[in-house]
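Report on the following structure.
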Amino acid sequence: MHIYNTLTRRKEPFTPLVAGKVSMYVCGMTVYDYCHLGHARVMVAFDVITRYLRERGYDVNYVRNITDIDDKILKRADENGESITALTERMIAAMHEDEARLFVLPPTHEPRATGHIDDIVAMIETLIEKGFAYAADNGDVYYRVRKFANYGKLNNRQLDDMRSGARVDVDVHKEDPLDFVLWKAAKPGEAHWSSPWGNGRPGWHIECSAMSTCCLGDTFDIHGGGPDLTFPHHENEIAQSEAATGKTYVNTWMHAGAVRVNKEKMSKSLGNFFTIRDVLAEHDPEVVRFLLVASHYRSPINYSVDSLTEARKSLTRLYTALEGVDTDAIASSKASPYRERFTQVMDDDFNTPEALAVMFELAREVNRAKQEQPDEAARLGGELKQLGAILGLLQQAPQIFLKGTQQQGMPLSESEIEAKIAQRIEAKANKDFAQADAIRDELSALGIILKDSREGTSWVLEAT
């Protein structure tokens, strides 16, 4: 297995620290608002990675944190007139709902920043003792960036090229404009915790350093996150953690690609900002997941009505192959050519587009075998469903997906469609074929396709 390492900018053979076990930390959400499409990208990408590592036999300890205290949370709670706890609990519950609808499995551990204040304080004390941090006279504690010799290695940046400005806080209490905050002194009325430097709360970057090392140790296998976190967040994590422990922090750094909306950066100012629940209110969750899986995890994704339409058509092809096939009848062999090719491409930095290409080939074989070799169709269909499960796909009953019962805006209710089918059957029994054809055409115009067989008439929604 080879994984692209952001730190070295190349694919590298993956060898975990402990044979058969994988330790992985992914930066999670700051829970002041509903999760958006960018969050969905990271959720789904590392869900697929976790599923595949487990499929390959690894015991994966997947840790994804929750940031439940920071400036945005304080500001939003104040705007809403609610407590910080009420806001964060409400947003965490909503996040879990969004994950479940996207078929994202929960992480092994989900630590919260407020549950690790003692660990954060202890790490800051260590950094001060080693000369990598200092307490300012305003109650804040800062990290000495220039003290850490390798600062900038993740992003290939040189300290002398960095300038104070939009991405660097200018603060008269800092020794250097590049220094960043580890502990913030509390303002009157703010939530706070006690510390050797007075009442305050942790800075964002130190939270992840403390939580990851507490959960996974001083060095662990994989650290992941969104594309916007490489600098300064992950760069600062490296500086903090390696200065505190004297050890390599992470062996492999992984970053998911960005989400663009109609080929533009997603932002509230452009009016193209979508929360997960905005999207799932109008589109089938599995179609949205397919769109996210269909691109390589490091590639950008373009979210648009057209891309969702194509995703639905593609997923419909896979479910159509499984329709009418008893996929539980015969267990598939793990040594099949399709599974071997699937494994080969997924071992190459989790290449999901190529993995889906293998699944579409397998779907064609299922369709060929349906008429003449039902046992072979069942075996191949079972394998298709098993491969789909590794990507978090194809776990619904085909008839449920194909009928589009999760799709919003159904042209007719199921009972109305079944009533139309009954009218058509009666018309055919009365040899009123013109009326039967008219009913079929009426339904077809609404995107409802009838399928006649010896077992009767079934229907699906057209993939448009």
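- Under the ring pair (Phe, Tyr, Trp, His ring centres under 6.0 Å) criterion, Phe273 pairs with His36, not counting sequence neighbours.
- Between the side chains of Gln396 and Glu286, a donor-acceptor pair is found at a separation under 3.5 Å.
- Counting non-hydrogen atoms of other residues, nucleotides and ligands closer than 6.0 Å to CD of Gln158 gives a total of 12 or fewer.
- Between the side chains of Asp47 and Tyr62, no donor-acceptor pair of N or O atoms lies under 3.5 Å.
- Between Arg201 and Ala191, the shortest heavy-atom contact is CD-O, 4.1 Å.
- Sequence neighbours left out, the pairs with a member in residues 111-136 that pass salt bridge (Lys or Arg N to Asp or Glu O under 4.0 Å) are Glu89-Arg112.
- Arg51 and Phe103 make their closest contact through NH2-O, 2.8 Å (heavy atoms, listed as atom of the first residue, atom of the second, distance).
- Counting only N and O atoms by type, the side chains of Thr248 and Thr219 include no donor and acceptor under 3.5 Å apart.
- If you check the side chains of Asp179 and Tyr134, you find a donor sitting under 3.5 Å from an acceptor.
- Ring orientation note: the planes of Phe148 and Tyr143 are nearly perpendicular, at an angle over 60° on the 30°/60° scale.
- Each of His233, Gln240, Glu235 was compared with His205 under the side-chain hydrogen bond (donor to acceptor under 3.5 Å, both in side chains) criterion, and only His233 meets it.
- Under the 3.5 Å distance criterion, with hydrogens and angles disregarded, a donor-acceptor pair is assigned to the side chains of Thr114 and Asp68.
- Between Asp218 and Tyr249, the side chains place no donor N or O within less than 3.5 Å of an acceptor N or O (distance only, hydrogens not considered).
- Judged purely by distance below 3.5 Å, without hydrogens or angles, the side chains of Asn155 and Thr230 pair a donor atom with an acceptor atom.
- In this structure, a donor-acceptor pair under 3.5 Å is absent between the side chains of Asn302 and Ser307.
- Taking each heavy atom of Ala113 and Ile69 in turn, the nearest pair found is CB-CG2, 4.3 Å.
- Across every non-hydrogen atom of Phe360 and Ser314, the tightest pair is CE2-O, 3.4 Å.
- His255 pairs with exactly one of Arg298, His223, His234 by the side-chain hydrogen bond (donor to acceptor under 3.5 Å, both in side chains) rule, that one being His234.
- Every side-chain contact (heavy atoms from CB on, under 4.5 Å) that Ala40 has, sequence neighbours left out, goes to Leu102, Ile276, Leu292.
- When only modelled atom types and interatomic distance are considered, Glu110 and His96 share a side-chain donor-acceptor pair under 3.5 Å.
- There is a side-chain donor-acceptor pair under 3.5 Å between Tyr52 and Arg56.
- In this structure, CD in Glu237 is found 11.0 Å from CD in Glu242, a value given to the nearest 0.5 Å.
- Side chain to side chain, Asn80 and Glu82 meet the donor-acceptor criterion of an N or O pair below 3.5 Å.
- Looking only at atom types and distance, the side chain of Tyr297 has a donor-acceptor partner in the side chain of Asp349 under 3.5 Å away.
- A side-chain donor from one of Asp278 and Thr275 sits under 3.5 Å from a side-chain acceptor of the other.
- His173 and Asp140 are not linked by any side-chain donor-acceptor pair at a separation below 3.5 angstrom, with hydrogens and angles left out of the test.
- Checking Val358, Thr352, Leu53 one by one against Met346, the side chain to side chain contact (heavy atoms under 4.5 Å, CB included) holds for a single residue, Thr352.
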Report task. Let me see the working for His2 and Asp347 under side chain to side chain donor-acceptor pair (under 3.5 Å), right down to the final yes or no. Result -> CA-CA 6 Å; His2 286 71; Asp347 274 355; over 6 Å; no
